[in-house]
Novice: 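My questions will all concern the structure given below.
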There are 2 protein chains.
Amino acid sequence: MTKKNGFDMELFFAALADRTRLRLINLMALDEICVCFFVAVIGASQPKISRHLAYLRKAGLVNARRDGKWIHYSLADPPNEKAALVFREVLTWLAEEEGMKLDRRRLAKVCCAPQPQLPVQLQGAPKPATLAAS
Amino acid sequence: MTKKNGFDMELFFAALADRTRLRLINLMALDEICVCFFVAVIGASQPKISRHLAYLRKAGLVNARRDGKWIHYSLADPPNEKAALVFREVLTWLAEEEGMKLDRRRLAKVCCAPQPQLPVQLQGAPKPATLAAS
DNA sequence: TGGACATATTCGTTAAGGCAAATATGATTT
DNA sequence: AAATCATATTTGCCTTAACGAATATGTCCA
């Protein structure tokens, strides 16, 4: 996560150089998100999601917060001021990309559906605060 | 360089995820630069520099211009507006990093030295316009 | 035309990182 | 304590991309 002087730029950009990780970052842009929602929205295996979250942790781009059985991930601001600037630009970039918008809609859909209609693995899962309709 | 829709974000960030390539980008920030100066300033082998320049070309981040025996590289603006914004932020980030400042000083030194003091391989090489003191 | 020079590409090897499948950990529930 | 659930890590395989060394290409000059 860090290097001799201050900040590992290469690791920072490497963390951004993967579609799955960009999708994860995009989904966290507005709120912290529970891992099970990443799995549901992105449609990849749980270990795959977990591995990519581990990479983002290593790069210092996300924080993890345990909440009982669940773990919520949120974006961290990079400790380097310029990195934080770039990171914010990247977020607005993602926000306008079509595939990313689709992911956000999928997340909203899954979060606003009434409990009984949710896939079994998501019933009882803690929804992101900004989307917790039911 | 491109993808189905418009722009390959992963390739863009992968191109930035390497120290040598960041150093090349930094050296081109102010002016187009001839390959031989990259080799002299960075101190890596010519094939290594050439390989990394090829990667930057593939990612659409640089243009190459032939000039007799020499080839000058310059930064391209990415065709995607948001990518261009991020790219400019990255350039200002590089400009304040210590290692990158050192490279710029090395470039200036090599360009301002009188011809006879230059290493043999650089005598006669076309200097970047903004630094062409002699 | 035949060097000599600047740059690019190829080859063989090695390390990093992607994936799926299997397994481990940590927390909750019964 | 055992079963269950959410998440993380390990393993083995494959691809990408790093490197140095060698070689190819393209341009100029004699």
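Hydrogens, waters and symmetry mates are skipped; everything else that's a heavy atom, side chains included, is used. In the text below, chain A, chain B and the rest are named by the order of the sequence lines, each starting its count at 1.
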Novice: Specify the separation, in whole Å, of atom CH2 of A:Trp70 and atom P of D:dC5.
Specialist: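 Nearest whole value for this atom pair: 12 Å.
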Novice: Please classify the nucleic acid contact of A:Phe38 as base, sugar-phosphate, or nothing, using heavy-atom distances under 4.0 Å.
Specialist: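 Touches nothing.
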Novice: So, do A:Val90 and A:Val86 sit near enough that their side-chain heavy atoms are less than 4.5 Å apart?
Specialist: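 Contact flag for A:Val90/A:Val86 side chains = yes.
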Novice: Mind calculating the distance between CG (A:Asp67) and C1' (D:dC5) to the nearest angstrom?
Specialist: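 Roughly 14 Å, once rounded to whole Å.
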Novice: Between the two end axes of the helix from C:dT1-D:dA30 to C:dT30-D:dA1, each built from 5 base pairs, what angle do you get to the nearest 10°?
Specialist: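 For the helix from C:dT1-D:dA30 to C:dT30-D:dA1, the axes at opposite ends meet at about 10°.
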Novice: In whole angstrom, give the distance that lies between atom NE2 of B:His72 and atom C1' of C:dA6.
Specialist: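 Taking NE2 of B:His72 and C1' of C:dA6, I get 11 Å after rounding.
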Novice: Choosing from C:dT9, C:dT7, D:dA8, which nucleotide comes nearest the side chain of A:Leu53?
Specialist: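 Given the options C:dT9, C:dT7, D:dA8, the side chain of A:Leu53 is closest to D:dA8.
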Novice: In whole Å, I'd like the distance from the NZ atom of B:Lys58 to the C1' atom of C:dT9.
Specialist: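 Answer to the nearest Å: 14 Å.
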Novice: Check the distance between C:dT7's C1' and B:Leu24's CG and give it to me in whole angstrom.
Specialist: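 Distance, rounded to whole Å: 14 Å.
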Novice: Between A:Arg104 and A:Glu98, is the closest basic N to carboxylate O distance under 4.0 Å?
Specialist: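 A salt bridge is absent here (no side-chain N lies under 4.0 Å from a carboxylate O).
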Novice: Pick the nucleotide of DNA chain C nearest each of A:Arg66 and B:Ile49; which residue has the one closer to the 5' end?
Specialist: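 Taking each residue's closest nucleotide, the earlier one in sequence belongs to B:Ile49.
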Novice: Does a side-chain heavy-atom distance below 4.5 Å link B:Asp18 with B:Tyr55?
Specialist: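 They are not in contact (no side-chain heavy atoms under 4.5 Å apart), so the answer is no.
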Novice: Pairs under 3.5 angstrom, nitrogen or oxygen only, protein versus nucleotides 18-24 of chain D, please.
Specialist:
{"residue": "D:dA18", "atom": "OP1", "partner": "B:Arg21", "partner atom": "NH1", "Å": "2.8"}
{"residue": "D:dA18", "atom": "OP1", "partner": "B:Arg21", "partner atom": "NH2", "Å": "3.0"}
{"residue": "D:dC19", "atom": "OP1", "partner": "B:Lys48", "partner atom": "NZ", "Å": "2.7"}
{"residue": "D:dC19", "atom": "OP2", "partner": "B:His52", "partner atom": "NE2", "Å": "2.7"}
{"residue": "D:dG20", "atom": "N7", "partner": "B:Arg51", "partner atom": "NH2", "Å": "3.4"}

Novice: Given B:Met28, which of B:Asn63, B:Leu75, B:Leu61 fulfils the side-chain contact (heavy atoms from CB on, under 4.5 Å) condition?
Specialist: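 That would be B:Leu75; it is the only one of B:Asn63, B:Leu75, B:Leu61 passing the side-chain contact (heavy atoms from CB on, under 4.5 Å) with B:Met28.
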Novice: Take the protein atom CZ of A:Arg19 and the nucleotide atom P of D:dT16, then report the distance between them rounded to whole Å.
Specialist: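 Answer to the nearest Å: 18 Å.
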Novice: Below 4.0 angstrom, N of the basic side chain to O of the carboxylate: do B:Lys82 and A:Glu89 qualify?
Specialist: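 Looking at A:Glu89 together with B:Lys82, the answer is no, because their closest N to O distance does not fall below 4.0 Å.
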Novice: Over how many whole Å does the gap from A:Tyr73 atom OH to D:dA8 atom C1' extend?
Specialist: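 Going from OH in A:Tyr73 over to C1' in D:dA8 covers 8 Å.
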Novice: Just compare C:dT9, C:dA6, D:dT7 and give me whichever is closest to any side-chain atom of B:Lys69.
Specialist: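 So the side chain of B:Lys69 is nearest to C:dA6.
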Novice: Check for me whether the distance between the ring centres of B:Phe13 and A:Trp93 falls short of 6.0 Å.
Specialist: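 That pair passes the under 6.0 Å test.
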Novice: Calculate the interatomic distance between A:Phe13 atom CZ and C:dA16 atom P; express it in whole Å.
Specialist: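 In whole Å, C:dA16 P and A:Phe13 CZ are 21 Å from each other.
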Novice: Regarding A:Arg65 and the six-membered ring of A:Tyr73, is the cationic atom NZ or CZ under 6.0 Å from the ring centre and inside 45° of its axis?
Specialist: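 No - A:Arg65 does not lie over the ring of A:Tyr73 by the 6.0 Å and 45° rule.
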Novice: With the side chain counted from C-beta on, respond yes when A:Leu16 and A:Arg21 share a heavy-atom pair under 4.5 Å apart, and no when they do not.
Specialist: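 They are not in contact (no side-chain heavy atoms under 4.5 Å apart), so the answer is no.
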Novice: Looking at B:Glu32 and B:Arg66, is any side-chain nitrogen of the basic one under 4.0 Å from a carboxylate oxygen of the acidic one?
Specialist: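 B:Glu32 and B:Arg66: not salt-bridged.
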